[in-house]
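Both counts, for ligands and for their atoms, begin at 1 and track the order of listing.
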Amino acid sequence: MQIKAAVVAARSAPFVIETLELAKPRTDELIVRVVASGMCQTDLHGRDGYYAVTSYPAVFGHEGAGVVHAVGSAVCEFAPGDHVVMSYPWCGECAHCRRQRLNYCLNARNLKNKGTRADGSMLLAQNGAPVYGAFFQQSSFGTFALTQARYAIKVRGDAPLDLIGPLACSGQTGAGAVLNVLKPQAGESLAVFGAGAVGLSALMAAKIAGCTPLVAVDVHTHRLELARELGATDTIDAKRCGDVAAEIRKVSGGGVLYAVDTSAVPKALREAIESLMPGGTCVLLGSARAGTEAAFEMPFLQQGRVVRGVAQGDSVPREFIPYLIDLMLAGKFPLEKMVTFYDLAEINRAAAESSAGIAIKPVLRMPAN
Ligand SMILES: [Zn+2]
Ligand SMILES: [Zn+2]
């Protein structure tokens, strides 16, 4: 079928809206009419050639939400008309997948970034010439997307499809790191470094858990204001504060039990580690470029401090995304406060305003096909 999608012709080239041909679904696949898709830093990393396996021309997008349009012959759990979110891909066969640790799938890199199905086949073409799609096995920056049924999550019919796409990546990454990994108890202290979409999702989850003090660190005033509105008890502007870790130790009475780094900036990661009390845990969620190194003092870890990375919030999407939607519709996870909407045709402006820190979470609304 014909679709419209945002194509990147070559590394770092702008997005251009083109008419493409989308493959027919195989027996275990779905075609989703995309209503809206969040934009994540990862899409721009794909555009800019950060992943060695990516080829061009390519279509990105991995936070798609929409309506099931067609199902393969073996798909019985979905029917046309179902409302769905598409989340990250996994192989189902590696050691981690066999134990339900889908977010650490050993074959994830190719499934996310290679631009083809697992068997190397292509999903998109323009005038007969192949176009790489299958970004996170979905490529949601288009009017329709093809994915495997197992990566789709059915959502309640009253969930706003133009808003919930970001739960598929940034939302579950931030909220999952807190609720699935750190599991703070009410009254425990937590600091978030970077008040972007991932950081604010972590902050909203920490507020749900009852964390206090709840500290947000960023370099943009408007993000810190939003962090306060979403539940931060203290905010620190890292551009103005000479010693962020000392300031956190001051407001928390000796350091926080949990620190969440979403910045992917080595200096911020060090500050996050140094803001921990003994026995505290720092999780790293930001996606730094290959080759990025960070330093900290070794004796600091001796007092039981833990530093670990977390991917996709250790979430099992079919359990966690419907849970986040319930929280959202109950007013406890107000994702809408961080979203800026753009039409698909404005995708380059969305990308620029995201990179400049103006738009916290751009969401692209798809046109009628
Ligand atoms: Zn796997
Ligand atoms: Zn993402």
Side-chain angles (χ1 to χ4, degrees), residues 6 8 28 34 36-48 50-51 53-54 58-65 85-115 117-119 134-141 145 147-148 150-151 153 163-177 194 196-202 260-264 283-289 309-318 320-321 324 335 338-340 347 350-351 354-355 359-364:
V8 175
D28 57 351
V34 183
S37 175
M39 174 185 277
C40 206
Q41 211 55 46
T42 306
D43 299 306
L44 305 182
H45 289 174
R47 177 195 65 183
D48 296 337
Y50 280 29
Y51 309 112
V53 294
T54 303
V59 177
F60 298 98
H62 64 290
E63 291 186 338
V85 169
M86 293 174 278
S87 193
Y88 65 82
W90 37 275
C91 78
E93 290 163 13
C94 72
H96 281 323
C97 282
R98 287 199 306 270
R99 292 176 188 184
Q100 277 292 93
R101 292 193 292 254
L102 309 177
N103 56 316
Y104 299 115
C105 171
L106 300 175
N107 297 304
R109 193 156 293 264
N110 280 348
L111 290 171
K112 288 175 177 173
N113 300 327
K114 198 164 176 232
R117 286 187 181 104
D119 68 1
F135 189 65
F136 279 61
Q137 299 298 308
Q138 61 171 285
S139 287
S140 56
F141 290 166
T147 191
Q148 284 189 29
R150 62 187 184 168
Y151 308 144
I153 297 103
L163 264 180
I164 58 177
L167 298 177
C169 185
S170 59
Q172 71 181 0
T173 294
V198 173
L200 291 173
S201 297
V260 179
D261 179 55
T262 68
S263 70
V283 289
L284 178 153
L285 313 185
S287 111
R289 251 189 124 144
V310 180
Q312 296 287 343
D314 278 12
S315 310
V316 174
R318 285 197 175 178
F320 198 58
I321 288 176
L324 290 179
L335 182 65
M338 68 174 84
V339 164
T340 307
I347 183 170
S354 170
S355 297
I360 295 176
K361 186 73 209 184
V363 170
L364 303 169

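Residues Q41 and S287 have side chains that never bring a donor and an acceptor to within less than 3.5 angstrom of each other.
With a cut-off of 2.8 Å, the Zn ion (ligand 1) has no N, O or S atom of H96 in range.
Angle SG(C94) to the Zn ion (ligand 1) to SG(C105): 120° [nearest 10 degrees]. Atoms SG of C91 and SG of C97, as seen from the Zn ion (ligand 1), are separated by an angle of 120°, to the nearest 10°.
Ring geometry for F135 versus Y51: interplanar angle of 30 to 60°, hence tilted.
Q138 places a side-chain N or O within donor-acceptor distance of the main-chain N or O of H62, the cut-off being under 3.5 Å.
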Side chain to side chain contact (heavy atoms under 4.5 Å, CB included), that's the test. Do T54 and F60 meet it? Break it down for me. CA-CA 10 Å; T54 303; F60 298 98; 4.0 Å; yes
